[in-house]
Amino acid sequence: LLTDRSLLTITSELKPFARELFPLLPDLLPLLPDLAPASAVVALDPEQEKRRIFEALTQFFLAQAAKQPVLLIIEDLHWSDDTSLEFLHYLARRTTTQPFLLLLTYRNDEVRPGLSHWLAQLDRERLAQEVSLLHLTRSDVDAMLRAIFDLQRPLHPVTLDAIYSLTEGNPFFIEEVLSSLIASGEIFYTQGNWERKPLSEWHIPRSVQDAVHQRTEQLSPAAKELLSLAAVAGRRFDFSLLQQLMQRNEHQLLLLIK
């Protein structure tokens, strides 16, 4: 949730670009009533409108970079649509001389033809440097687990071997497995320390899908209903849509989302 101060900062930064960005950020309109779109608007063709939004977004990031170095992180690039990729290419071209770092992540086993072409384009123009992220080693997993559980000494070898063998050093899977084990009570916090049941009693998920399933089984019926509706709605949906479908007030829905 944004504080009044952070909202004020955001709206002041976006004010010069409010008219152009209104189609993307309609929720900010009540905060900028004096910049509401005029009733008489000259309609642009879709390509012109797209270029206008691209330029407004780019100018916003350039304005931020003029004040201090900017790091913009975009995860799961393999899920991006073609227009988003086109904008990121536009942004990368315009920020080559600025203190601006665009960090993008994607799964190399989910590269579709459009993304493959986009990556090749960046490479031809020397706009990016690619870094392959390898799986964590056994000692890396030990360090990750000790950091998560705030442990001062290495994990018990049997516990470490069990988690490392299962996850093969995949950080996301490690987090999901731990969340699943904590939710089911196999790993628990007591008297200031993390403890575990005997490994023979662990119900370790065999895949990320199993880990997520085990976690969702711990949810309340209302939270499961919310999750099901959100899954059907897709990757993007409005809070107001869920509110109408669930017939809950804002406070109730926020609790279920948490």
Side-chain angles (χ1 to χ4, degrees), residues 1-15 17-39 41 43 46 49-50 53 56-57 60 72-85 87 105 107 110 112 148 172-189 203 205-258:
L1 297 177
L2 296 174
T3 63
D4 291 341
R5 183 176 180 180
S6 59
L7 273 176
L8 183 61
T9 301
I10 291 173
T11 52
S12 63
E13 296 288 348
L14 288 173
K15 194 171 183 178
F17 316 102
R19 291 194 187 281
E20 289 78 9
L21 299 183
F22 168 71
L24 300 179
L25 303 170
D27 292 343
L28 289 180
L29 186 60
L31 304 174
L32 299 166
D34 55 323
L35 289 177
S39 56
V41 178
E49 180 66 17
K50 181 178 69 175
I53 293 176
L57 280 170
F60 169 73
L72 176 61
I73 302 175
I74 308 292
E75 295 190 340
D76 296 325
L77 198 64
H78 48 276
W79 288 339
S80 297
D81 57 26
D82 291 337
T83 301
S84 299
L85 293 177
F87 167 69
T105 68
R107 292 182 58 89
E110 295 189 30
R112 55 186 176 80
I148 290 174
F172 171 71
F173 198 4
I174 292 170
E175 291 182 350
E176 289 301 313
V177 167
L178 289 180
S179 297
S180 175
L181 293 174
I182 292 171
S184 59
E186 269 86 20
I187 296 177
F188 52 93
Y189 193 75
H203 297 86
R206 291 172 294 176
S207 67
V208 173
Q209 185 176 7
D210 289 339
V212 172
H213 178 72
Q214 285 189 18
R215 290 179 61 190
T216 56
E217 284 301 301
Q218 309 297 321
L219 299 176
S220 67
K224 286 183 182 179
E225 181 186 3
L226 170 66
L227 187 61
S228 298
L229 290 171
V232 172
R235 294 192 193 122
R236 298 180 181 87
F237 47 82
D238 293 330
F239 184 90
S240 58
L241 173 61
L242 285 183
Q243 195 169 3
Q244 291 175 17
L245 293 173
M246 293 287 294
Q247 294 294 304
R248 305 268 181 164
N249 62 41
E250 183 175 334
H251 177 68
Q252 292 172 330
L253 191 57
L254 282 173
L255 290 178
L256 291 177
I257 289 175
K258 289 179 181 179

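Checked by atom type and distance alone, the side chain of D238 never pairs as donor or acceptor with a backbone atom of L241 at under 3.5 Å.
Distance check: L85 CG to H78 NE2 gives 12.0 Å after rounding to the nearest 0.5 Å. Here the CD atom belonging to E176 is positioned 4.0 Å from the CZ atom belonging to F172, to the nearest 0.5 angstrom. Note that OG1 of T105 is 9.0 Å distant from CD1 of I74, once rounded to the nearest 0.5 Å. We find the CZ-CG distance between R248 and L253 to be 8.5 Å, quoted to the nearest 0.5 Å. Atom CD of Q252 is separated from atom CD1 of I257 by 12.0 Å, given to the nearest 0.5 angstrom.
Taking each heavy atom of D82 and R112 in turn, the nearest pair found is OD1-NH1, 3.2 Å.
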request  = Tell me, with the steps shown, if W79 and E110 meet side chain to side chain contact (heavy atoms under 4.5 Å, CB included).
outcome  = CA-CA 9 Å; W79 288 339; E110 295 189 30; 3.9 Å; yes
message = Would L256 and M246 count as a side chain to side chain contact (heavy atoms under 4.5 Å, CB included) here? Give the steps.
response = CA-CA 10 Å; L256 291 177; M246 293 287 294; 3.8 Å; yes
